Structures are given as structure tokens and as C-alpha cells.
Amino acid sequence: MAKVAVCEDDRALRGVLRRALESDGHSVAASATGVELLAQLDPAPNVVILDIGLPDAGGRDVLPGAARARGGRPGPDADRPG
């Protein structure tokens, strides 16, 4: 299964995402801030689920660092209304 990084500042939603992904057999690294996410990107995850409105940085500001962790290869992305 995939290694998934979840970055969501809402504790309840972060927990729901973690449990759902782990129950499907994925390895999940969860964080509440962009700084935490960037610190745990080695080795690079297969998928990053990233909140756009983080307390320390905008998700769009964190995305380039996540792409660098993937060797500069950004994956597909999707926005959802906040």
C-alpha cells in the first residue's frame, strides 16, 4: 500500500483521515502544520493530503517543499473549497 502524508490542522478531521487510510492498509504520517509536514517527508510519501488553510503557512506555500521531497516531481493535485 501507499505511504500517505496528511497535513490538516483540524484534529478531528486529521484523525478521521488517518484512521480511514490506515484501515485500508496505508502507512500514514499525520501533521497539523506545514513545518511538521516538511519535517517528515523523508522518505517521500506516495501521496500528500494537504489542507490549504494551515495555521503556520498556506498549503500552496508548503506544496513546493513537498514536491522537492518527491524529487521535484509534483503529483496530481486537486483543490476543494475551504
Side-chain angles (χ1 to χ4, degrees):
M1 292 290 162
K3 177 182 177 190
V4 181
V6 173
C7 187
E8 169 59 60
D9 61 322
D10 181 297
R11 174 183 265 169
L13 180 53
R14 188 172 62 246
V16 167
L17 290 168
R18 175 190 277 267
R19 286 187 300 276
L21 291 162
E22 287 177 341
S23 72
D24 281 343
H26 301 290
S27 169
V28 178
S31 58
T33 68
V35 170
E36 289 175 8
L37 171 69
L38 294 174
Q40 61 189 9
L41 290 179
D42 187 21
N46 303 101
V47 177
V48 176
I49 299 173
L50 178 60
D51 184 359
I52 297 300
L54 296 169
D56 64 338
R60 289 182 179 90
D61 298 327
V62 175
L63 194 57
R68 280 191 296 280
R70 293 174 42 94
R73 302 178 316 273
D77 64 321
D79 286 342
R80 73 167 175 85

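These numbers come from a predicted model, not from an experiment.
Nearest heavy-atom pair across Lys3 and Pro45 is O-CB, 3.4 Å. Counting all heavy atoms, side chain and backbone alike, Ala32 lies closest to Asp9 at O-CB, 3.4 Å. Looking at every heavy atom in both residues, Ala29 comes nearest to Arg18 through C-NH2, 4.4 Å. Of all heavy-atom pairs between Arg14 and Glu8, the closest is NH1-O, 2.6 Å. Residues Asp56 and Gly34 share a closest heavy-atom pair of OD1-N, 3.0 Å.
Within the 4.5 Å cutoff, the side chain of Cys7 has no heavy atoms near those of the Val62 side chain. Within the 4.5 Å cutoff, no side-chain heavy atoms of Leu21 are placed close to those of Val47.
Val28 and Leu17 fall within the same hydrophobic cluster, defined by Ile, Leu, Val, Met, Phe, Trp and Tyr side-chain heavy atoms under 4.5 Å apart, directly or through other members. Following chains of ILVMFWY side-chain contacts shorter than 4.5 Å, one can reach Leu41 starting from Leu54, so the two form part of one hydrophobic cluster.
Listed for the His26 side chain is no donor-acceptor partner under 3.5 Å among the backbone atoms of Met1.
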Carefully, step by step, assess Leu13 and Asp51 under the rule side-chain contact (heavy atoms from CB on, under 4.5 Å). CA-CA 10 Å; Leu13 180 53; Asp51 184 359; over 6 Å; no
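With rounding to the nearest 0.5 angstrom, the CD1 atom of Ile52 is 7.5 Å from the CG atom of Leu63.
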